[in-house]
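As a basis for the values below, the full set of heavy atoms in this structure was taken, side chains included, without hydrogen atoms, waters or symmetry mates. Naming convention: chains lettered A, B, ... in sequence-line order (proteins, then strands); numbering from 1 in each chain.
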Amino acid sequence: MGLIQASRGTRDILPDEVIYWQRVEEKARDLLHQAGYRELRTPIFEQTTLFERGIGEATDVVGKEMYTFSDRGDRSITLRPEGTAGAVRAYIEHKLHAQGGVQRLWYTGPMFRYERPQAGRQRQFHQIGVELLGSLDPRADAEVIAIAATLLNRLGIDNWTLSLNSLGTAADRQRYREALVSYLSDHQQDLDPDSQARLQRNPLRILDSKDPQTQVIAQAAPSILDYLAEESRQHFERVQQLLQSLGIPYQLNPCLVRGLDYYTHTAFEFLLPDLGSQATVCGGGRYDGLVAELGGPDTSAVGWAIGLERLILILQRGKLTCTSALDFYCVSRGVEAEAQALQLCHALRTCGLSVEMDLSGSAFPKQLKRADRSGALACLILGETEGRDRSLQLKWLHSGEQQSLGQQEFIQNIDQVKAQLGAARSLAS
RNA sequence: GCGAGCGUAGCCAAGUGGUUAAGGCAGUGGAUUGUGGUUCCACCAUCGGGGGUUCGAUUCCCCUCGUUCGCCCCA
């Protein structure tokens, strides 16, 4: 194509789809507000070192997926691949911890990872995330998980599954890692090539390999849950009890490993069927070391991020229809009437009503047809006669009933009209 | 980054190495120069882009771009 297209892995979200995005954003905003979370907006790019230190140099995200470039001042800049590092940076930079107690934050916006695009995976993708900073309490883990579950439910998605694991502390993981490497080394020749390569570099990742034979070996591997120190074990037990008390079903998955280094203790994923390889719609966990790692005070935290593209893919399959009908569609013909129509539309908007004005100047049958297709509840008709005596025809598009009114009278009795609109709207839905 | 499939109008979609590339939906104009949702008529594509093979390619080959599926990884 000679035409310029959107870059690979990016896409336009057109008005028909934006309805779904707005629905999700609205539900999320309401719910997070109810739970005491406050929105945080951080820059879309950050210094590269933030992600290198925060996410971990050895991770795939940092190693091969970042959009990194030098700006004109020779600073190394990276388009954020996830939201937590920036949120924590802001938390530290603005000393939000000094406000005492717990900070509940949420964010939404685009993230960037240089990957091979697939359905549900873009290079520019969007997340909504929450971060609960300043609490080690297992109730914090349960709270954020419950919020994610509630959000999915409120969006009409109830076929999710929650996969849960504990990664313990760094010390727990170190002990486990040694045991795991020892076990896997005995089966080295039976592992798939990818997993063999990861044996020293990132053995935990071998656990969630999709290779059938490797999976068999992984099933029989020692479980991290048996390597948790007493405190870690108690924390995880408590989280599970709390989830049960909230009636949130989950499945323990000792093979669940998250791809970012900062996770500790609780790790979880919400999975949706029918998303193919991109089944994870929400991932998160506890990250007790990250704030200190980035130079802040020792602070416990837990959070998650939802992938909006994946979520909306499912919502669209469910054929949820969101309609926001216009109140009026205004058609007019003739110089006088056309000018008056413009004024009338303006006045109606001032009254809080929604109006779309036909600009075509074409014959009334055409304009009426467009009025019908616009989905408006009523049509305002101003022809040459109405232009002369400053009147209008108010036509209800469902019933076809039509009345003649003075323009002044119409605006002055707008409350009556609003009541009629309300009635028409409930009839239409 | 690796492997495989696909790419005909805004959308869905038939089709062929050879004079005018089906059809449907949507859109635009008209039948209907002051009244919509029905109906009828008309219009609406050089077959993703570039190169090659050929007398001739939308059809065959190569490259490229995009997309889909799997791997990797993740939301």
Report all interatomic pairs (protein N or O, nucleotide N or O of nucleotides 40-46 of chain B) with separations under 3.5 Å.
none

| request: Go through B:A26, B:U35, B:A75 for me and flag the one nearest to the A:Arg373 side chain. | output: B:A26
| field | Contact nearer the 5' end of RNA chain B, comparing A:Leu397 with A:Gly9 | value | A:Leu397
| message | Does A:Phe45, at its CZ atom, have more than 12 non-hydrogen atoms belonging to other residues, nucleotides or ligands within less than 6.0 Å? | response | no
| Judged by modelled atom types alone, do A:Glu17 and A:Trp21 share a side-chain donor-acceptor pair under 3.5 Å? | yes
| query | If you look at every strand shown and take non-hydrogen atoms under 4.0 Å, does A:Ala305 touch a base, only sugar-phosphate, or nothing? | reply | sugar-phosphate
| message | Between A:Arg370 and A:Ser360, is there a side-chain donor-acceptor contact under 3.5 Å, judged purely by atom types and distance? | response | yes
| task | Could you tell me whether A:Gly129 contacts a base, only the sugar-phosphate backbone, or nothing, with contacts defined as non-hydrogen atoms closer than 4.0 Å? | result | nothing
| request: Mind listing the closest non-hydrogen atom pair of A:Gln367 and A:Arg333 along with its distance? | output: NE2-CG, 4.2 Å
| query | Does A:Arg310 make a side-chain donor-acceptor contact with the base of B:C74, cut-off 3.5 Å? | reply | yes
| Residues A:Glu143, A:Arg104: salt bridge by 4.0 Å N-O rule | yes
| query | Parallel under 30°, tilted from 30 to 60°, perpendicular over 60°: which one fits the rings of A:His265 and A:His235? | reply | tilted
| field | OP1 or OP2 of B:C71 under 4.0 Å from side-chain N/O of A:Lys210 | value | yes
| request: Between B:C72, B:U35, B:C74, spot the one nearest the side chain of A:Arg113, thanks. | output: B:C74
| remark: Every stem of 3 or more Watson-Crick or G-U pairs under 3.5 Å that RNA chain B joins, in order of first number, is B:1-7 with B:65-71, B:10-12 with B:23-25, B:27-31 with B:39-43, B:48-52 with B:60-64
| query | How many Å lie between CZ on A:Arg121 and C1' on B:U67, as a whole number? | reply | 14 Å
| query | Do A:Arg258 and A:Glu269 meet the salt-bridge criterion of a basic N to acidic O distance under 4.0 Å? | reply | yes
| query | Just checking A:Arg370: base, sugar-phosphate only, or nothing, at a heavy-atom cut-off of under 4.0 Å? | reply | sugar-phosphate
| said: What contact category does A:Gly283 fall into here, base, sugar-phosphate, or nothing, at under 4.0 angstrom with non-hydrogen atoms? | reply: sugar-phosphate
| query | Checking all strands, does A:Gln402 fall into the base, sugar-phosphate, or nothing category for heavy-atom contacts under 4.0 angstrom? | reply | base
| Cationic N near anionic O, under 4.0 Å, A:Asp327 to A:Arg425 | yes
| request: Scan A:Thr385 against the nucleic acid and name what it touches under 4.0 Å (heavy atoms): base, sugar-phosphate only, or nothing. | output: base
| 5′-ward residue of the pair A:Asp211/A:Gly400 relative to RNA chain B | A:Gly400
| request: Mind checking A:Gln367 for me? I need base, sugar-phosphate or nothing, with any heavy atom below 4.0 Å counting as a touch. | output: nothing
| Going by heavy atoms in the side chains, are A:Arg38 and A:Gln103 under 4.5 Å from each other? | yes
| query | When only distance counts, do a donor and an acceptor, one from the side chain of A:Gln122 and one from the base of B:A75, lie under 3.5 Å apart? | reply | no
| query | A:Thr280 side chain: which of B:C72, B:C74, B:A4 is closest? | reply | B:C74
| Under 4.0 Å between a side-chain N or O of A:Arg205 and OP1 or OP2 of B:C74? | yes
| request: Select base, sugar-phosphate, or nothing to describe what A:Glu309 touches, counting heavy atoms under 4.0 Å on all strands. | output: nothing
| query | Does any donor atom in the side chain of A:Thr150 or A:Asn153 lie under 3.5 Å from an acceptor atom in the other side chain? | reply | no
